[in-house]
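First the structure, in the form of structure tokens, and then the observations on it.
Side-chain atoms are counted along with the backbone in the values below, which use heavy atoms only and exclude waters and symmetry mates.
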Amino acid sequence: MGKKGKLDYKWVIAAACFVLCVVGLGLCSGNAGLFVVATTEALGISRSAYAVSSSLRYVSTAVMNMFFGMLALKFGTRKLIGAGMLALVLSCVANALATNVIGLYIGGVLLGVGLTFAGTTIIGYVIRQWFAEHQGVVLGVVLSANALGAAVSAPWFSSVIYGGEVFGYRKVYWVVAGILLVSGIVLVLLFRDVPKEDKKRPVAGKQLEKTRAWKGNAYADRAVKPYFYIICACLILTGMVLASSAGVSAAHMKDQGVDPTYVALVTSVYSLMLAASKFLIGAVSDKKGLRFAVLTCNGAALIMVVLLCVVSGSAMGKVIAMTYAVFAGLALPLQTVLLPLMAGDMFRNEDYSKVLGIFTAANSIGFLLGNTLANFCFDLFGTYRHILITDGILMVAISAGFVFAYQKLTASRKKTKA
């Protein structure tokens with residue numbers, strides 16, 4: 001509560017961010033894998049051709065995130081969120097009207113723009129502006145809405161997409177577009193660019209600096225740049241692994257004989273686990289430190305990849321599929337909660353928006369590569385298993401690279417008086 005018993009507006013902002021995650025990331029991104037088989041079969045296109053749409057999404061996300069810091073300072077978060085929601089609406093409309101790959105590609109570009117300004121990057125930025133303490137927990141709770149939105153919508157999505165109509169997936173896009181339009185108008189009215197009542201909030205980073213024992217690394221410091229680049233490389237490879245494993249899991253399970261209805265159930269369980277793990281990983285980061293949280297997610301990602309390699313339509317295969325849902329949920333905070341926390345933990349507050357944009361762009365490039373490689377391998381070999389084996393090897397290398405670079409970066413921290 002704020003002064004004189006009034007509700008502190010930061011909680012309204014947190015609630016608005018939660019809703020933004022539900023309708024943006026949850027509906028537009030959380031169940032994207034359910035559309036692959038239906039769309040490619042309905043339009044008579046290959047999965048690699050369809051994958052270009054996702055690739056264009058990650059290209060536009062990467063490009064926009066590179067300029068995120070500058071755009072946030074110039075236009076403010078409220079206008080950017082409004083633009084992001086509009087882009088998401090247009091993306092759904094483009095996909096619903098698409099009769100060939102061109103329409104899908106336009107939808108992919110718009111989706112990337114929309115999720116930049118109505119997704120993880122801007123939410124991490126907003127939470128850091130409004131909350132000086134316990135950012136990991138708050139961010140974890142807010143971003144868990146992504147998984148909740150996906151979990152709730154997955155059964156209906158699946159029933160309509162695979163309900164017998166060839167173009168049933170188009171109905172889903174139209175309904176989502178309507179939800180986005182209405183919620184977008186409400187969210188723009190709720191968001192504020194700058195806290196009005198409490199000028200001591202961490203908007204400019206001053207309060208945050210007082211609550212931490214170090215100033216952080218300067219982005220322009222040449223001494224830390226080599227390790228910064230290693231972290232970026234790790235984020236690219238992490239995105240590649242997640243895209244080429246979790247990103248194709250629904251299609252892979254269906255290919256291996258798992259019933260589509262059961263795949264939808266697995267997707268829902270995964271989404272619920274992801275919601276819980278975002279809160280858990282945020283709390284773990286606050287309590288045990290960033291390195292412990294990242295390595296926990298990396299270990300879960302490795303197990304997730306192994307389980308996908310052996311999943312099947314048998315009774316035991318279904319157990320494996322459900323176990324996959326648990327570990328996948330624990331692994332995916334690598335692309336959401338941990339990116340803003342990495343940027344804030346490693347670098348100075350004045351560099352936060354720039355570093356967050358770069359980290360998110362690096363992760364998006366990884367998703368671009370992973371999505372493209374996974375579907376190319378499927379068209380080449382008729383299965384995703386080859387890329388999954390590669391993912392397992394990469395995850396071990398990623399963990400080693402992150403530990404090395406993070407130790408070097410943290411060793412350069414300059415201690416200051418609280």
How far does [atom1] of [X] sit from [atom2] of [Y], to the nearest 0.5 angstrom?
{"X": "Thr61", "Y": "Asn363", "atom1": "OG1", "atom2": "CG", "answer": "10.0 Å"}
{"X": "Thr121", "Y": "Leu115", "atom1": "OG1", "atom2": "CG", "answer": "9.5 Å"}
{"X": "Phe292", "Y": "Lys287", "atom1": "CZ", "atom2": "NZ", "answer": "12.5 Å"}
{"X": "Leu235", "Y": "Ser364", "atom1": "CG", "atom2": "OG", "answer": "10.5 Å"}
{"X": "Met85", "Y": "Cys28", "atom1": "CE", "atom2": "SG", "answer": "7.5 Å"}
{"X": "Thr77", "Y": "Phe191", "atom1": "OG1", "atom2": "CZ", "answer": "7.0 Å"}

Report yes if the distance between the aromatic ring centroids of [X] and [Y] is under 6.0 Å, otherwise no.
{"X": "Phe35", "Y": "Tyr50", "result": "no"}
{"X": "Trp11", "Y": "Phe131", "result": "yes"}
{"X": "Phe75", "Y": "Phe117", "result": "no"}

If you draw a 6.0 Å radius around [atom1] in [X], do more than 12 non-hydrogen atoms from other residues or ligands fall strictly inside?
{"X": "Tyr162", "atom1": "OH", "result": "yes"}
{"X": "Phe67", "atom1": "CZ", "result": "no"}
{"X": "Met322", "atom1": "CE", "result": "yes"}
{"X": "Arg291", "atom1": "CZ", "result": "no"}

task = Under the side-chain contact (heavy atoms from CB on, under 4.5 Å) rule, what do Ser312 and Val258 come out as? Steps first, then yes or no, please.
result = CA-CA 6 Å; Ser312 68; Val258 182; over 6 Å; no
With side chains defined as the heavy atoms from C-beta onward, is the minimum distance between [X] and [Y] less than 4.5 Å?
{"X": "Leu302", "Y": "Phe327", "value": "no"}
{"X": "Val175", "Y": "Cys92", "value": "no"}
{"X": "Met64", "Y": "Leu80", "value": "no"}
{"X": "Ile281", "Y": "Leu330", "value": "yes"}
{"X": "Ser399", "Y": "Leu295", "value": "yes"}
{"X": "Phe359", "Y": "Asn65", "value": "no"}
{"X": "Phe402", "Y": "Leu237", "value": "no"}
{"X": "Thr360", "Y": "Thr120", "value": "no"}

Taking all non-hydrogen atoms of both residues, which atom of [X] and which atom of [Y] are closest, and how far apart?
{"X": "Leu290", "Y": "Ser285", "answer": "CA-OG, 3.9 Å"}
{"X": "Val263", "Y": "Lys254", "answer": "CG2-N, 4.3 Å"}
{"X": "Val142", "Y": "Ala14", "answer": "CG2-O, 3.8 Å"}
{"X": "Met253", "Y": "Leu308", "answer": "CE-CD2, 4.0 Å"}
{"X": "Met240", "Y": "Leu373", "answer": "SD-CD1, 3.8 Å"}
{"X": "Leu190", "Y": "Ile13", "answer": "O-CD1, 4.3 Å"}

Does the [X] side chain pair with the main chain of [Y], one donor and one acceptor, at a distance under 3.5 Å?
{"X": "Asp255", "Y": "Thr383", "result": "no"}
{"X": "Tyr58", "Y": "Gly366", "result": "no"}
{"X": "Thr39", "Y": "Val36", "result": "no"}
{"X": "Ser277", "Y": "Leu280", "result": "no"}
{"X": "Ser144", "Y": "Lys278", "result": "no"}

inquiry  = Check Glu165 with Arg170, please: is the shortest side-chain N to carboxylate O separation under 4.0 Å?
reply    =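 Between Glu165 and Arg170 there is no salt bridge, as every charged N stays at least 4.0 Å from the carboxylate O atoms.
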inquiry  = When you measure from the centre of the six-membered ring of Phe68, is the NZ or CZ of Lys354 closer than 6.0 Å and no more than 45° off the axis?
reply    = no
task = Apply the test ring-ring contact (aromatic ring centres under 6.0 Å, His included) to residues Tyr125 and Trp130: give CA-CA distance (whole Å), side-chain angles for both, the deciding distance (0.1 Å), then the verdict.
result = CA-CA 9 Å; Tyr125 181 72; Trp130 285 83; over 10 Å; no
query = How far apart are the C-alpha atoms of Trp174 and Val93, what are their side-chain angles, what is the distance that settles it, and do they pass the side-chain contact (heavy atoms from CB on, under 4.5 Å) test?
reply = CA-CA 7 Å; Trp174 283 116; Val93 172; 4.0 Å; yes
What I want to check is whether the side chains of [X] and [Y] have a donor and an acceptor closer together than 3.5 Å.
{"X": "Ser249", "Y": "Tyr324", "value": "yes"}
{"X": "Ser91", "Y": "Arg57", "value": "no"}
{"X": "Ser55", "Y": "Thr372", "value": "yes"}
{"X": "Gln129", "Y": "Arg192", "value": "no"}

request  = Determine, stepwise, if the pair Ile387 / Phe376 fulfils side-chain contact (heavy atoms from CB on, under 4.5 Å).
outcome  = CA-CA 10 Å; Ile387 192 68; Phe376 175 78; over 6 Å; no
query = Would Ile358 and Val355 count as a side-chain contact (heavy atoms from CB on, under 4.5 Å) if you check the C-alpha gap in whole Å, the side-chain angles of each, and the deciding distance to 0.1 Å?
reply = CA-CA 5 Å; Ile358 293 173; Val355 173; 5.6 Å; no
ask   = Can you say whether the rings of Tyr169 and Phe167 are parallel (under 30°), tilted (30 to 60°) or perpendicular (over 60°)?
value = tilted
